[in-house]
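Take a look at the structure below.
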Amino acid sequence: MEIQSSKNILKDRRVTSLSIGDSGKGKTFFAGTICNHGKPFFIDSEGGLKTVANHEFDYVSVNSWAEFTSALTWYWSNHKEAGYTHLVVDSFTRLQQYLGRELSPDGKLTQAQWGEVLASMRKVIDRLTKECPTSVHVSAMAMESKDDLTGQIKIYPNIQGAFRYDLAGYFDVVLYHDCAEKNGDQVYWVQTKGDQRITARSRLDSVKKLNKHERNDYAVIANIFEEK
């Protein structure tokens with residue numbers, strides 16, 4: 001057991017963040033703006049990177065859970081030499097589908113197989129948020145689900161099983177992405193604080209409090225630790 005001092009907690013400027021939102025709400029665009037604050041490496045399972053093709057970054061496309069975990073191993077070994085500052089995983093919803101398909105091609109998972117899916121997801125998210133040598137940004141589609149405690153319908157990450165309720169708790173910052181038309185233009189934003197319907201929050205309020213609604217730009221996170 002190693003006893004540590006709380007004075008050292010914020011010396012680690014590494015931030016883990018999660019984007020939740022429906023398709024077309026700006027999640028991938030948001031990830032692309034990380035290029036303005038460092039050198040990200042993308043693990044893409046969605047095939048939607050044309051949205052951020054105006055940025056310059058390295059990426060790998062994965063089409064299975066095995067390819068995804070292999071890409072993580074590669075990143076751990078090569079991030080420093082390559083100068084990467086952020087790992088982007090887009091999206092965890094699709095990756096879970098790949099994992100389920102590998103265990104049961106027909107999509108009919110047994111209870112034991114669902115347990116294996118849950119254990120694998122928890123293991124990789126735990127590794128990403130605790131051990132990744134750089135900042136991490138993960139995206140997930142959104143879904144509505146009833147809160148077991150309040151009975152209210154709330155928006156969670158689109159992950160099958162009980163893990164949808166737990167996923168956000170692993171990350172420092174959780175953002176909900178939305179957009180609307182205003183004066184003929186499409187306006188995008190992120191919600192940084194949760195409410196009765198939306199899952200969102202920042203555990204870095206002791207450093208810098210975010211507005212409930214912010215621009216759809218990674219600067220929201222990058223500026224949390226800016227020097228005053």
Side-chain angles (χ1 to χ4, degrees), residues 12 14-23 27-28 30-31 34 40-49 58-79 84 86-148 154-177 199-201 203:
D12 180 9
R14 188 183 67 99
V15 178
T16 61
S17 51
L18 173 67
S19 284
I20 305 169
D22 292 329
S23 179
K27 299 187 302 301
T28 303
F30 180 89
I34 295 175
F41 178 80
F42 280 65
I43 299 179
D44 171 43
S45 67
E46 294 278 355
L49 294 182
D58 295 340
Y59 75 96
V60 61
S61 294
V62 298
N63 297 293
S64 70
W65 183 264
E67 289 181 359
F68 167 57
T69 55
S70 177
L72 288 184
T73 299
W74 180 91
Y75 186 79
W76 250 251
S77 300
N78 294 277
H79 76 281
Y84 298 127
H86 296 72
L87 174 63
V88 179
V89 178
D90 186 24
S91 73
F92 203 60
T93 300
R94 180 65 61 85
L95 289 168
Q96 181 200 250
Q97 294 170 358
Y98 288 156
L99 177 57
R101 193 180 305 158
E102 288 177 25
L103 293 175
S104 178
D106 64 2
K108 299 177 181 178
L109 276 71
T110 65
Q111 186 172 353
Q113 287 172 325
W114 272 120
E116 188 174 343
V117 168
L118 179 60
S120 295
M121 290 192 302
R122 287 188 185 279
K123 182 178 180 180
V124 78
I125 288 295
D126 201 52
R127 184 186 181 202
L128 278 171
T129 54
K130 290 182 179 179
E131 301 176 15
C132 186
T134 66
S135 290
V136 179
H137 183 71
V138 176
S139 72
M141 297 291 287
M143 70 176 296
E144 290 187 342
S145 184
K146 182 182 287 188
D147 188 303
D148 292 335
K154 194 166 183 174
I155 294 177
Y156 293 96
N158 189 350
I159 302 295
Q160 295 300 312
F163 195 48
R164 73 171 65 105
Y165 306 116
D166 301 334
L167 181 61
Y170 285 80
F171 294 86
D172 297 322
V173 180
V174 179
L175 304 172
Y176 176 73
H177 295 250
T199 300
R201 61 153 177 72
R203 63 166 61 119

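Throughout, numbering of the chain's residues begins at 1 and tracks the sequence.
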Results of side chain to side chain donor-acceptor pair (under 3.5 Å) for [X] - residues two or more places apart only:
{"X": "H86", "result": "Y218"}
{"X": "T134", "result": "Y75"}
{"X": "T16", "result": "D172"}
{"X": "K146", "result": "none"}

ring-ring contact (aromatic ring centres under 6.0 Å, His included) partners of Y165, counting only residues at least two apart: Y156

For F68, ring-ring contact (aromatic ring centres under 6.0 Å, His included) partners two or more places apart: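 Expected list: W65.
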
Side-chain touch [X]/[Y], heavy atoms, less than 4.5 angstrom:
{"X": "V124", "Y": "R122", "value": "no"}
{"X": "L175", "Y": "L18", "value": "no"}
{"X": "D166", "Y": "I159", "value": "no"}
{"X": "V88", "Y": "I34", "value": "yes"}
{"X": "K154", "Y": "S145", "value": "no"}
{"X": "Y84", "Y": "P133", "value": "no"}
{"X": "I43", "Y": "L95", "value": "no"}
{"X": "N158", "Y": "I20", "value": "no"}

Set of salt bridge (Lys or Arg N to Asp or Glu O under 4.0 Å) partners for R14, sequence neighbours left out: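 Per chain and number, R14 pairs via salt bridge (Lys or Arg N to Asp or Glu O under 4.0 Å) with D12.
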
Non-neighbouring partners of D22 that pass salt bridge (Lys or Arg N to Asp or Glu O under 4.0 Å), sequence neighbours left out: none

Q97 side, atom CD; S91 side, atom OG - distance, nearest 0.5 Å: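 So the CD of Q97 and the OG of S91 are separated by 7.5 Å.
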
Straight-line distance of L118 CG to Q113 CD, nearest 0.5 Å: 14.0 Å

Qualifying ring pair (Phe, Tyr, Trp, His ring centres under 6.0 Å) pairs with a residue from residues 95-147, counting only residues at least two apart or across chains: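 Applying ring pair (Phe, Tyr, Trp, His ring centres under 6.0 Å) to every pair that reaches into residues 95-147, excluding sequence neighbours, yields F30-H137.
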
[X] side chain to [Y] main-chain N or O, any donor-acceptor pair under 3.5 Å?
{"X": "T93", "Y": "M141", "result": "yes"}
{"X": "Q96", "Y": "M121", "result": "no"}
{"X": "S45", "Y": "D90", "result": "yes"}
{"X": "S120", "Y": "E116", "result": "yes"}
{"X": "K27", "Y": "S19", "result": "no"}
{"X": "T199", "Y": "I155", "result": "yes"}

Residue pairs, two or more places apart or on separate chains, that pass salt bridge (Lys or Arg N to Asp or Glu O under 4.0 Å) and touch residues 58-73: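 Sorted pair list comes back empty.
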
Residue pairs passing the salt bridge (Lys or Arg N to Asp or Glu O under 4.0 Å) test where at least one lies in residues 123-139, sequence neighbours excluded: D126-K130

Nearest non-hydrogen partners of Y176 and G21, listed with the distance: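 Shortest heavy-atom separation between Y176 and G21 comes out as CE1-CA, 4.4 Å.
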
Closest contact, heavy atoms only, V174 versus A168: CG2-O, 3.5 Å

Non-neighbouring partners of S61 that pass side chain to side chain contact (heavy atoms under 4.5 Å, CB included), sequence neighbours left out: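 Testing S61 for side chain to side chain contact (heavy atoms under 4.5 Å, CB included), a comparison that skips the adjacent residues, returns D44, Y59.
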
F163 and Y170 aromatic ring geometry - parallel, tilted or perpendicular at 30°/60° bounds: perpendicular

Check against side chain to side chain contact (heavy atoms under 4.5 Å, CB included), T110 and L103: CA-CA 10 Å; T110 65; L103 293 175; over 6 Å; no

Derivation and outcome, side chain to side chain contact (heavy atoms under 4.5 Å, CB included), residues L128 and L87: CA-CA 9 Å; L128 278 171; L87 174 63; 3.6 Å; yes

